[in-house]
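Data block below; observations after.
Along the sequence shown, residues are numbered consecutively beginning with 1.
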Amino acid sequence: RGLGDVYKRQGINTEKQKRQKSLIEQNNWPFELIHYVNAEQASAIANVDTPYSGLFIKHGGWINPPKLVEAMLAYSQSNNPFKLNTNTKIEKYYQKDNAWYLFDGKNEHGPYSQIIIAAGEHSDTFEQTKTLDLHPVRGQVSHVKATDKSEKLTTVLCHKGYLTPQYLDHHCIGATFTKNSKETHISDDDNNINLKQVTDFYGDCEFTSGLNNITSAKAAIRCTSFDHMPLVGQVTDIANYQTSFATLRHGSKYGYLPYQSSTPGLYIFTGLGARGLCSAPLSAELLCSELFNEPLPIDLAMNQALHPARFIVRDLKRNKV
């Protein structure tokens, strides 16, 4: 899922249809980006008969995540060669002589002027980040064998879950949500849930007839935050932050003391959740802008909404810390 050619979210009931029409009537987005289509238009776009109207995002769609990562790494290497170490578990990182070092249990790596923690649901396993308010959400997708009828589908269909066009003779259907779980084993129950989501919404459609042969599946963990927003920015020194902004406990927006971080050069990029491909590019640009002292690509309010320190600010205002 993510960025690609075609994307369509379908109005599966009256409530959804009203909500989608309301979004379009607010006229917040240009027609070229997103527009409403009735059931007949939706069927023509999807190249299969579907009974639902929906919102059509022409330049949205689906991607192959491993291929995307490979392409991005190859492009980066061609522009600015770098050393890539994979399959290396970092046990800890620490400061020494005004620089950062990584330790994998045997070897020390460094020195580095900056390090970025982008470890998904494992981002809070380090001493400096253990207090971050992160939550794991397990998700499983299933790969179902395409049929002569289903292979005609030309666009992603989104309902409660989603169904992609066939790739290598298979459709990807999903996905499940299991909160506070880091289990990545394949579950037959989750396969059944994914298949049921498709049949519940498209069971009467010809293109789903015989679409029930699940041949494989994949489970992974989404990393989410308390407020469902990514965490992007410098890791905060909690003790010093509480001292510098102590007046927040009394509702004051003034009288702050200078803040001096004890972890300069330590950044985090995590909590992107289930739709991380949508927020990752802009979040990455934000982090790069901060690292290179360039103008930020977002306004101050949004930057504060993404900053890792926002949870400390919240607790200070509530006088919890």
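- To the nearest 0.5 Å, the span separating CG on L134 from CD1 on I268 amounts to 6.0 Å.
- Side-chain contact between N191 and I186 is present, with at least one heavy-atom pair separated by less than 4.5 Å.
- Defined by atom type and a distance below 3.5 Å, a donor-acceptor pair is missing between the side-chain atoms of E25 and Y36.
- No donor-acceptor distance shorter than 3.5 angstrom exists from the side chain of W62 to the backbone of T155, with no hydrogens or angles considered.
- For the pair F82 and S76, the tightest heavy-atom approach, listed with the atom from each and the gap, is CE2-CB, 3.7 Å.
- Here the CG atom belonging to D124 is positioned 6.0 Å from the OG1 atom belonging to T129, to the nearest 0.5 angstrom.
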Contacts table for residues 288-305: side-chain donor-acceptor under 3.5 angstrom, sequence neighbours left out:
from, atom 1, to, atom 2, distance (Å)
S289, OG, E285, O, 2.8
D299, OD1, A301, N, 3.4
D299, OD1, M302, N, 2.8

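- T208 places no side-chain N or O within 3.5 Å of a backbone atom of L211 that could act as its donor or acceptor partner.
- The pair D200-K160 fails the salt-bridge criterion, with no side-chain N (NZ, NE, NH1 or NH2) lying under 4.0 Å from an Asp/Glu carboxylate O.
- Counted by atom type alone, T176 and D190 present one or more donor-acceptor pairs between their side chains at under 3.5 Å.
- Taking each heavy atom of K182 and P136 in turn, the nearest pair found is CG-CB, 3.7 Å.
- Side-chain atoms of S244 come within 3.5 Å of backbone atoms of P258 as a donor-acceptor pair (strictly under, hydrogens ignored).
- Contact annotation: the side chain of Y256 approaches that of T247 to within less than 4.5 Å [non-hydrogen atoms, C-beta and beyond].
- In this structure, F207 is a member of the same hydrophobic cluster as F201, with clusters built from ILVMFWY side-chain heavy atoms closer than 4.5 Å.
- Counting heavy atoms from C-beta on, the side chains of L23 and I34 never come closer than 4.5 Å.
- Formation of a donor-acceptor pair under 3.5 Å by the S261 side chain with backbone atoms of D237 is not found in this model.
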Run N28 and Q26 through side-chain hydrogen bond (donor to acceptor under 3.5 Å, both in side chains) and show every step you take.
CA-CA 6 Å; N28 290 326; Q26 292 175 24; 3.2 Å; yes
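- Using the six-membered ring where Trp is involved, Y241 and Y259 have ring planes that are perpendicular, over 60° apart on the 30 and 60° scheme.
- Atom NE2 of H250 and atom CG of L316 lie 10.0 Å apart (nearest 0.5 Å).
- Closest of all the heavy-atom pairs between S78 and Y75 is OG-O, 2.6 Å.
- Heavy-atom minimum distance, T270 versus G120: OG1-O, 3.2 Å.
- Counted by atom type alone, N240 and Q260 present zero donor-acceptor pairs between their side chains at under 3.5 Å.
- Not a single donor-acceptor pair under 3.5 Å links the side chain of H143 to the backbone N or O of C172.
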In sequence, state the C-alpha distance, the side-chain angles, and the governing distance for K21 and S53, and then conclude on side-chain contact (heavy atoms from CB on, under 4.5 Å).
CA-CA 10 Å; K21 285 187 177 181; S53 60; 6.0 Å; no
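- The aromatic ring centroids of Y202 and H159 lie less than 6.0 Å from each other.
- If you take CZ on R19 and OG on S22, they are separated by 9.5 Å, rounding to the nearest 0.5 Å.
- For the pair R310 and F226, the cation-pi test (distance below 6.0 Å, angle within 45°) is failed.
- Applying the salt bridge (Lys or Arg N to Asp or Glu O under 4.0 Å) definition to pairs two or more places apart or across chains, those involving residues 127-137 are E127-K130, D133-R314.
- At distances below 3.5 Å, not a single donor-acceptor pair connects side-chain atoms of R222 with backbone N or O atoms of L272.
- Within the 3.5 Å criterion, the main-chain N or O of A220 finds no donor-acceptor partner in the side chain of T184.
- Looking only at distances, no side-chain donor or acceptor of R138 sits under 3.5 Å from a matching main-chain atom of N180.
- Between N107 and D104, the shortest heavy-atom distance links the atoms N-OD1, 2.6 Å.
- Atom OG1 of residue T199 and atom CG of residue N212 lie 9.5 Å apart, to the nearest 0.5 angstrom.
- Atoms OG and CG, from S142 and D188 in turn, are 9.5 Å apart once rounded to the nearest 0.5 Å.
- Remark: the backbone N or O of T263 is not paired with any side-chain donor or acceptor of Q128 at under 3.5 angstrom.
- Listed for the N38 side chain is a donor-acceptor partner under 3.5 Å among the backbone atoms of E40.
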